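For reference, the structure discussed in these notes is given below.
Source: prediction; values computed, not measured. Chain letters run A, B, ... following the sequence lines, proteins first, then strands; residues in each count from 1.
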Amino acid sequence: MLRKLLRYEIKATGRWFIPLYLALIIFAGINRIFGLIRIEPIQNSMFASITAGISMTVYVTLMIGTLVMTLVVLIQRFYKNLLGDEGYLMFTLPVPSWKHILNKLFSSMVWVIFSGIVALLSIFILILNGDTWRELIRDISMGLKEMETFLGKGIYLIGFEAILLSLLALASGILMIYAAIALGHLFNKHKLLASFGMYIVLGIISESITAFYAVLIDRFDWFSHSATFADIQSILLFIFIPLALSTAGYFILTQYILKNKLNLE
Amino acid sequence: MSMILECKDLYKKFGKKKALENINLNISRGRIVGLLGPNGSGKTTLIKICNELLNPTSGEIHIGGHKPGIETKKIVSYLPETTYLNDWMKVSEIISFFKDFYSDFNTEKAYDMMKRLKIDPNDKLKTMSKGTKEKVQLILVMSREAQLYLLDEPIGGVDPAARDYILNTIISNYSEDATVILSTHLISDIEQILDDIIFIKEGQIVLTKTVDEIRDEEGKSVDAVFREVFKC
């Protein structure tokens with residue numbers, strides 16, 4: 001059932017993102033072309049510079065648009081599709097509510113990641129040429145080699161763990177938004193405003209816990225000696241614990257409200 | 001045969017306000033039941049509890065022997081008062097959505113009914129009027145071969161001409177051992193199709209009878225009895 005839900009979710013959201021991604025890539029390409037022909041004598045013509053200016057503005061707008069859209073769709077799909085009128089359909093499907101949450105979470109994560117990749121790709125298109133590209137590759141491989149001599153083959157394990165931690169951090173961030181929306185749903189009036197308020201409350205709570213935790217960790221004096229593989233492993237573990245707990249906490253809270261306190265308008 | 005819907009001492013409060021009070025109900029299979037009462041009497045609340053869209057404050061409810069949950073959602077086909085259709089799908093896409101999630105959904109029947117009501121499967125839901133959307137929704141709900149149909153105000157928003165077609169759709173599209181519960185305050189329009197009636201007033205059930213009983217004992221129409229019971 002989760003697979004079916006995901007298929008429809010990606011379809012429902014993709015119709016916003018795919019055109020935006022294409023537009024972003026195309027305008028990065030157009031700006032690149034304007035950048036290339038600038039070496040020709042036409043650079044002084046007013047027409048060329050105005051066109052170049054406009055296309056750059058469009059590109060920047062699209063870039064900001066992608067960012068805003070990712071956040072708006074993330075919120076709107078949860079708020080409207082589950083807690084709005086469409087919720088009458090979604091919550092009477094023979095699907096448990098935790099699968100609805102996972103569905104929204106996974107699809108949101110996919111779009112956040114894709115938006116990031118496409119934005120980066122568009123920047124590459126805009127600025128990279130053969131030389132800078134080779135330079136970039138060389139720098140990255142050199143950096144990797146340096147770390148490898150320092151930490152051995154363990155660097156690849158650390159890289160893998162860092163990716164997992166980033167995904168977990170992303171999940172935690174998204175679930176915090178969902179938990180805030182679910183809490184806001186408990187209010188009889190001004191649900192959206194209440195959701196914003198709840199987001200701030202959750203933020204304060206999690207920040208305080210993190211700060212307390214950081215003080216606790218700090219007493220162990222991690223960075224006094226050079227970082228060995230084992231040191232990095234324990235640092236990653238100490239990052240992992242609060243992230244895992246907050247992810248689980250937000251998920252359980254959201255699930256509890258959707259299962260027991262649902263009250264669609 | 002076992003009951004399709006059983007409620008025992010069911011209560012629902014919103015804060016201090018009692019929405020349902022001491023609801024005891026046994027509804028058998030194969031009946032068309034009218035859940036009748038004025039606005040705000042608790043009809044929608046009761047139907048929402050049957051669909052797990054609300055949790056009761058206390059008491060028990062069983063549908064086909066199960067508490068509201070995944071198992072009951074497989075056998076209950078629900079038409080809410082609200083239009084729950086999204087605006088980006090085509091009719092054909094929402095039909096396959098239903099087919100995907102409900103194993104009792106009859107696609108052929110759905111297309112057949114759409115054709116009879118002159119609804120183009122390639123039309124987008126976005127472009128439809130509210131009335132047409134309600135018709136699409138009713139067709140989707142009645143295209144399931146469910147055991148219990150819960151229809152909340154199915155004729156409230158549509159014109160009288162479409163009303164007859166919708167009522168016909170309801171009685172001709174459910175199998176013999178399925179039960180249809182429909183809530184409404186427009187009693188005279190549906191009186192002729194009902195087997196049983198439940199009168200609900202201020203969250204309490206005030207009368208449950210078969211339509212034959214009402215006619216034999218009281219010699220009146222359901223509509224006349226309703227006007228008596230709910231006299232302001």
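- Looking at L5(A), the atoms closer than 4.5 Å to chain B (heavy atoms on both sides) sit in the backbone and in the side chain alike.
- The one candidate from T66(A), V68(A), L62(A), T61(A) that meets the side-chain contact (heavy atoms from CB on, under 4.5 Å) condition with I64(A) is V68(A).
- Of all non-hydrogen atoms in A110(B) and I139(B), the two that sit nearest each other are O-CG2, 3.8 Å.
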I would like to know whether L6(A) and S107(A) meet side chain to side chain contact (heavy atoms under 4.5 Å, CB included); could you show each step before the answer?
CA-CA 7 Å; L6(A) 269 170; S107(A) 68; 4.2 Å; yes
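- Residue I49(B) forms a side-chain contact (heavy atoms from CB on, under 4.5 Å) with just one option from L20(B), I23(B), T57(B), T44(B), and that option is L20(B).
- With chain B as the partner, the residue from N188(A), T92(A), L262(A) showing the most heavy-atom pairs under 4.5 Å is T92(A).
- At a 4.5 Å heavy-atom cutoff, the contact between F97(B) and chain A is made by backbone and side-chain atoms alike.
- For S103(B), no part lies near chain A; criterion is any non-hydrogen pair under 4.5 Å.
- Both the backbone and the side chain of F101(B) have a heavy atom closer than 4.5 Å to some heavy atom of chain A.
- H100(A) and F91(A) have perpendicular rings, their planes meeting at more than 60° on a 0 to 90° scale where under 30° would count as parallel.
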